[in-house]
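Order of listing sets the numbers, starting from 1, for every ligand and every atom in it.
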Amino acid sequence: MRLLLVEDSPRLRDALQAALADAGFTVDAAADGETALAFLDAYDYPLLLLDLGLPRLDGMAVLAHLRGGHQPTRVLVLSARDQLADRIAALDAGADDYLVKPFALDELIARLRALARRYHGETTPHLAAGNLELDTVQRIARCAGRPLALSPREYALLEALLRGRGRVLPRAVLFEQVYGADARASDKVIEVLLSGLRGKLAAAGWDGRIENRRGFGYALA
Ligand code: CA
């Protein structure tokens, strides 16, 4: 799940980036509002974790820009501004959730997962395709009831494919979802990752398949 983190405190930004990556998010980070806008214009993010007090462009201005472009990105504001009026102003400007600093990391992650489900129109944290099931909270894939031993990137790729069911997903889109914006690798690594994933799914007896649509991308069938 891709996420844009906008936070000007280097310490908090680094700590959040590491913690969110550990929790399975593919994180791009921006330290000011203008950089955040550049990221938002270049990529489609399901999730935005937004500080309000930011250099160059305030978080409320970032939010206004995002909503002015009608992007469906779910926004969680994470701010030291703890006044009721601040929370109301951010929610009325299009934020989906608001958490006041200091915060509990586990709660922040759970709220982000909830926003990710809403973004995808899911009502539960469980995804399924035939006899394959994903628990998106524990980040465990099971086939015919048995857990699969997947690497974090294989899991991220599988989750992206399940969430994109019914659509053809270009390799570049899958690459961004698994590796993020500053990855140096070529998007051809998706083929390698996919080949390993297919092998594990076949060995586990999965009754579905991942199709190659030459020149277009991949689709879960
Ligand atoms: Ca700040």
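Between Arg13 and Asp51 no salt bridge is recorded (no basic side-chain N to carboxylate O distance below 4.0 Å). In summary, Arg81 and Asp86 do not engage in a salt bridge, as defined by a charged side-chain N under 4.0 Å from a carboxylate O. Of the charged side-chain nitrogens involved, none lies within less than 4.0 Å of a carboxylate oxygen, so that Glu159 and Arg139 do not count as a salt-bridged pair.
Looking only at atom types and distance, the side chain of Tyr119 has no donor-acceptor partner in the side chain of Asp96 under 3.5 Å away.
The ring pair (Phe, Tyr, Trp, His ring centres under 6.0 Å) check on Tyr179 picks up Phe175, with sequence neighbours excluded.
Following chains of ILVMFWY side-chain contacts shorter than 4.5 Å, one cannot reach Leu5 starting from Leu54, and the two form parts of different hydrophobic clusters.
Among protein atoms, those of element N, O or S found less than 3.0 Å away from the Ca ion (ligand 1) are Asp8 OD1, Asp51 OD2, Gly53 O.
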